[in-house]
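Proteins come first, then strands; the chains are lettered A, B, ... in the order of their sequence lines, and each starts at number 1. Just so you know, these numbers come straight off a predicted model, no measurement behind them.
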Amino acid sequence: MPELPEVETSKRGISPHISGQKLTNVVVRHPTLRWPVAKDMQRHLFSSKLLKVTRRAKYLLLEFETKTILMHLGMSGSVRITSSGTLINKHDHIDFEFANKKILRFTDPRRFGCCLWFDDPIAQKLLTTLGPEPLSDDFNLEQFTETCKKRKAAIKQVIMDNKVVVGVGNIYAAESLFRASIRPTTPANKISKERLNGLLSSIKQVLANAIEQGGTTLKDFSQSDGKPGYFKQELMVYGREGEPCLNCHTTIKGIRQGQRATAYCPKCQR
DNA sequence: AAAGACACCTGGGAGC
DNA sequence: TGCTCCCAGGTGTCTT
């Protein structure tokens with residue numbers, strides 16, 4: 001489910017409900033996520049105030065007075081605000097209960113997500129390899145062209161590499177490449193600086209636009225208020241294999257790159 | 001250092 | 001209706 005816009009949407013959705021609140025209880029029902037869920041959360045966080053919720057790449061950070069929690073939603077995870085007494089479903093793994101009676105509930109059917117202490121060595125290792133935030137000036141043309149010069153892998157694989165830029169997953173990689181008229185299979189080192197500049201802009205625009213729309217709802221992603229994300233209506237190529245290009249009516253082609261599905265328009269993207 | 005294959009896990013849909 | 005197979009929004013790790 002979650003790429004950067006979905007994580008950002010989640011952050012914005014949950015933050016107003018729980019920021020500034022003291023934690024009263026933590027319930028861990030299924031601690032075997034990608035890595036074992038942080039131990040002793042209750043002891044370290046009890047009565048500790050949640051200062052703020054922030055995001056780095058696709059990680060959510062719950063910054064408490066005492067310690068910070070780092071969460072990842074994996075491929076199927078979500079967080080939402082609920083209240084006590086609501087039905088607990090099979091994959092509702094963790095509840096953070098706050099003094100205002102609101103509950104932050106972490107759900108993840110495939111359990112690819114994680115919930116670690118920020119200062120856990122595993123978490124630190126995850127964070128240190130991360131490249132620049134796509135919407136910041138750290139992700140810029142000079143640095144991007146330098147990186148691409150050294151890479152002969154397909155451009156789609158390169159922009160999905162966390163060391164190059166964070167937060168660009170399978171959906172938004174495909175969409176950005178369409179908007180930049182670049183074929184996903186093109187070796188990164190064969191693309192001119194001008195076209196890389198177009199791609200850089202497309203990535204920023206697509207992500208910013210998706211955040212404005214509340215993310216992309218494919219199956220079960222929803223904003224914290226339960227509404228779906230509306231970016232799906234703007235998808236030009238992702239999931240449209242075999243359908244006509246919305247720009248030129250050529251049939252959208254579907255291929256595989258590195259075990260992932262890729263869709264592109266063979267006429268618009270060269 | 002870079003690239004590719006494989007791993008983790010569950011659920012949904014297609015095809016038989 | 002039920003079985004098997006394939007696919008899915010991510011990304012760390014191991015091997016070349």
Would you please test A:Y172 and A:F231 for ring-ring contact (aromatic ring centres under 6.0 Å, His included) and show each step?
-> CA-CA 10 Å; A:Y172 299 111; A:F231 192 76; 5.5 Å; yes
Choose from B:dG11, C:dA8, C:dG9 the nucleotide whose nearest atom is closest to any side-chain atom of A:I171.
-> C:dG9
If I take atom [atom1] in residue [X] and atom [atom2] in nucleotide [N], what distance separates them, rounded to the nearest angstrom?
{"X": "A:K149", "N": "B:dA1", "atom1": "NZ", "atom2": "P", "answer": "19 Å"}
{"X": "A:K156", "N": "C:dG10", "atom1": "NZ", "atom2": "P", "answer": "9 Å"}
{"X": "A:Y59", "N": "C:dG10", "atom1": "OH", "atom2": "P", "answer": "12 Å"}
{"X": "A:M160", "N": "C:dG12", "atom1": "CE", "atom2": "C1'", "answer": "14 Å"}
{"X": "A:H91", "N": "B:dC9", "atom1": "NE2", "atom2": "P", "answer": "13 Å"}
{"X": "A:R260", "N": "C:dC7", "atom1": "CZ", "atom2": "P", "answer": "13 Å"}
{"X": "A:I211", "N": "C:dG9", "atom1": "CD1", "atom2": "P", "answer": "19 Å"}
{"X": "A:D108", "N": "B:dT10", "atom1": "CG", "atom2": "P", "answer": "11 Å"}

Is any side-chain nitrogen or oxygen of [X] closer than 4.0 Å to OP1 or OP2 of [N]?
{"X": "A:Y238", "N": "C:dG9", "value": "yes"}
{"X": "A:K58", "N": "C:dT11", "value": "yes"}
{"X": "A:R151", "N": "B:dG4", "value": "no"}
{"X": "A:R34", "N": "B:dC9", "value": "no"}
{"X": "A:H72", "N": "C:dT11", "value": "yes"}

In Watson-Crick or G-U wobble terms, with both distances under 3.5 Å, the base opposite C:dT15 is B:dA3
So, are A:E8 and A:R12 salt-bridged, with charged N and O less than 4.0 Å apart?
-> yes
Indicate yes or no: does A:K193 engage A:E142 in a salt bridge with an N to O separation below 4.0 Å.
-> yes
Going by 5.5 Å between centroids and 30° between planes, is there a stack of A:F112 over B:dC9?
-> no
When A:L62 is tested against each of A:M71, A:K11, A:K67 for side chain to side chain contact (heavy atoms under 4.5 Å, CB included), which residue passes?
-> A:M71
Side-chain heavy atoms of A:K267 within contact of A:N247, under 4.5 Å = no
Under 4.5 Å between any side-chain heavy atoms of A:W117 and A:M41, yes or no?
-> yes
Correct closest heavy-atom pair for A:T107 and A:R80 would be OG1-NH1, 3.2 Å
Look for any protein N or O under 3.5 Å of an N or O in nucleotides 13-16 of chain C and output each such pair with its distance, or none.
from   : atom 1 : to     : atom 2 : distance (Å)
C:dT13 : OP2    : A:K125 : NZ     : 3.3

What is the nucleic acid contact for [X], judged by heavy atoms within less than 4.0 Å: base, sugar-phosphate only, or nothing?
{"X": "A:K163", "value": "nothing"}
{"X": "A:G169", "value": "sugar-phosphate"}
{"X": "A:R111", "value": "sugar-phosphate"}

Between atom CG of A:L199 and atom NZ of A:K156, what is the distance when rounded to the nearest 0.5 Å?
-> 12.5 Å
If you measure from the C1' atom in B:dA3 to the same atom in C:dG9, how many Å do you get, rounded?
-> 23 Å
Does the B:dC9 base have a donor-acceptor partner in the side chain of A:R110 within less than 3.5 Å?
-> yes
Starting from the 5' end of DNA chain B, give me the residue, A:K150 or A:Q259, whose nearest nucleotide shows up first.
-> A:K150
